[in-house]
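Ligands are counted one by one from 1 in listed order, and the atoms in each one are counted from 1 as well.
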Amino acid sequence: MSTRDTIEAIYAAVVRRNPGEGEFHQAVREVLDSIAPALAAHPEYAEAKIIERICEPERQIIFRVPWEDDRGEVHINRGFRVEFNSALGPYKGGLRFHPTVYLGIVKFLSFEQLFKNALTGMPIGGGKGGSDFDPKGRSGREVMRFCQSFMTELYRHLGEYTDVPAGDIGVGTREIGYLFGQYKRITNRYESGVLTGKGLAYGGAQVRKEATGYGAVFFADEMLRTAGESLDGKRVVVSGSGNVAIYAIEKVTHLGGVVIACSDSSGYLRDDKGVDVETLKEIKEVRRASLAEYVAARPHATYMPGRGVWEVPCQVAIPCATENEIDAAEATALVSGGCAAVVEGANMPATPAAVRVFAEAGVRFAPGKAANAGGVAASALEMQQNASRDSWSFTYSEQRLREIMRDIHARCYATADEYGMPGNYVAGANIDGFRLVAEAMLAHGLV
Ligand code: GLU
């Protein structure tokens with residue numbers, strides 16, 4: 001069978017064996033479409049059925065999460081942890097609490113995480129978890145009870161050498177605190193390295209909170225510099241207004257760019273003077289309120305309902321909201337608005353059709369598994385500090401993050417060149433991530 005036919009047969013099997021999991025199929029398709037040249041160069045991968053093994057999670061856990069709301073009503077949610085691959089280290093990846101979470105979303109995130117983690121060059125495997133719990137409108141006490149119930153099952157699958165969760169959408173420092181407290185209570189172990197994204201008061205690391213957003217902007221900066229440009233003076237649109245978006249906006253501003261729009265699930269905000277990150281933090285981190293409230297503090301800004309954020313003309317776009325948030329029409333709108341670079345802060349925010357639009361228009365495009373790897377890289381630094389009972393300064397931690405992002409950029413760029421696809425960061429990231437995992441799997445034998 002030719003390499004192409006082998007890949008098509010593997011993809012067909014993935015679709016058949018994982019019915020109804022569209023996002024997972026999409027993530028697998030994207031990787032398989034890139035790695036043909038690596039397979040042709042390494043026949044030993046096909047012989048050992050590396051791709052088939054990589055596409056099958058090592059373990060998938062689904063569990064019931066019962067909890068009581070403030071009125072005493074009982075709710076049942078579903079919890080997930082997909083431990084995809086431990087060739088490079090303990091399973092590592094966040095937990096997402098959002099009503100759209102189901103097995104297909106967790107599997108796609110976990111699969112992406114595997115290659116992303118490999119690209120960081122740090123000893124971490126790939127995993128992801130979460131629940132269809134909707135934290136919106138829930139009191140702090142309800143969120144705490146939910147986290148405690150969730151951890152009451154999950155704890156038995158975790159460990160600093162086994163599986164180390166962190167945050168993702170709907171899971172931040174507050175939730176990690178409740179999860180850690182419950183883990184400690186059940187196991188009677190103060191195992192700092194079992195969760196990352198912890199608060200600074202009890203084993204968390206400097207720059208972890210900022211790392212995904214900062215890292216994406218460092219990647220954007222590297223990409224622009226390689227093309228002889230910089231972020232200085234650029235008009236930038238960042239979608240979302242959660243943890244990734246807030247710190248992407250902060251770092252773009254530090255580097256001289258102007259973020260003129262951001263968004264939430266109901267609409268988008270436009271502030272031509274540049275989004276004020278302190279106002280945003282106050283609304284989102286302190287008050288946990290709606291983005292629409294920004295206009296009260298900065299009356300020259302406007303908040304519009306709907307998904308029009310990608311219609312705001314910009315030179316650089318940093319999607320930091322969620323998967324498939326940019327379709328072909330929105331990509332076309334970005335291109336006509338003069339956008340020359342797209343850097344994914346979220347996981348898989350551009351649909352395959354949108355990625356094609358960018359490629360045809362010559363827009364530089366950085367896929368999330370490379371560009372947003374700063375978050376998990378800082379998690380690995382947190383694990384390192386926990387293991388040595390040490391804590392590093394903000395400045396040193398940020399410098400480490402910057403070096404890691406520079407290395408990720410360099411390896412994606414070099415791999416794309418090596419395989420004759422200069423400037424193709426998607427191919428560079430997929431081939432390099434795949435090679436790193438494949439080599440470790442070969443070394444471990446058939447396990
Ligand atoms: N959820 C984040 C990501 O998508 C962070 C994972 C982690 O720190 O383990 O990479």
Revision key, fill the gap. A student checking ligand 1 against Arg208 at a 4.0 Å heavy-atom cut-off should list atoms 5 (C), 7 (C), 8 (O)
**Study point:** Side-chain donor-acceptor contact under 3.5 Å, Ser379 with Arg208
**Key:** yes
**Study point:** Residue, atom name and distance, where the atom is the protein heavy atom closest to atom 9 (O) of ligand 1
**Key:** Lys92 NZ, 2.7 Å
Review point. Taking the six-membered ring for Trp, is the centroid-to-centroid distance between Phe97 and Phe150 below 6.0 Å?
Key: yes
Practice item. Quick one: look up the protein heavy atom nearest atom 6 (C) of ligand 1 and list residue, atom name and how far away it is. Key: Gly94 N, 3.5 Å
Exercise for review: Give a yes/no verdict on whether any heavy atom in Arg96 is under 4.0 Å from an atom of ligand 1.
Suggested key: no
Check your understanding: Should you measure from each heavy atom of Gln113, which atoms of ligand 1 turn up under 4.0 Å away?
Key -> 3 (C), 4 (O), 6 (C), 10 (O)
Practice item. Check whether any heavy atom of Ala378 sits under 4.0 Å from an atom of ligand 1. Key: no
Exercise for review: Using the six-membered ring of Phe218, assess whether NZ or CZ of Arg406 lies under 6.0 Å from its centre and within 45 degrees of the ring axis.
Suggested key: no
Study note, to complete from the structure: Filtering Gly93, Gly167, Ser110 for the heavy atom nearest atom 2 (C) of ligand 1 leaves Gly167
Review point. Going by atom types alone, do Asn347 and Lys116 pair a side-chain donor with an acceptor below 3.5 Å?
Key: yes
Revision key, fill the gap. Here the atoms of ligand 1 under 4.0 Å from any heavy atom belonging to Ala166 are 7 (C), 8 (O), 9 (O)
**Study point:** Test side-chain contact (heavy atoms from CB on, under 4.5 Å) applied to Val252 and Val258, Asp221, Val259, the passing residue
**Key:** Val259
**Study point:** Taking atom 8 (O) of ligand 1 as the reference point, the nearest protein heavy atom with its distance
**Key:** Ser379 OG, 2.6 Å
**Study point:** Residue pair Lys234 / Ser230: nearest heavy atoms and the distance that separates them
**Key:** NZ-O, 2.9 Å
Point to revise | Distance from atom 10 (O) of ligand 1 to nearest protein heavy atom, with residue and atom | key: Lys116 NZ, 2.8 Å
Check your understanding: Relative to the ring of His409, is the ring of Tyr413 parallel (under 30°), tilted (30 to 60°) or perpendicular (over 60°)?
Key -> parallel
Exercise for review: Assert yes or no for the condition that the ring centre distance of Phe219 to Tyr425 is strictly below 6.0 Å.
Suggested key: yes
Review point. Where's the contact between Val164 and ligand 1, heavy-atom distance under 4.0 Å: side chain, backbone, both or neither?
Key: neither
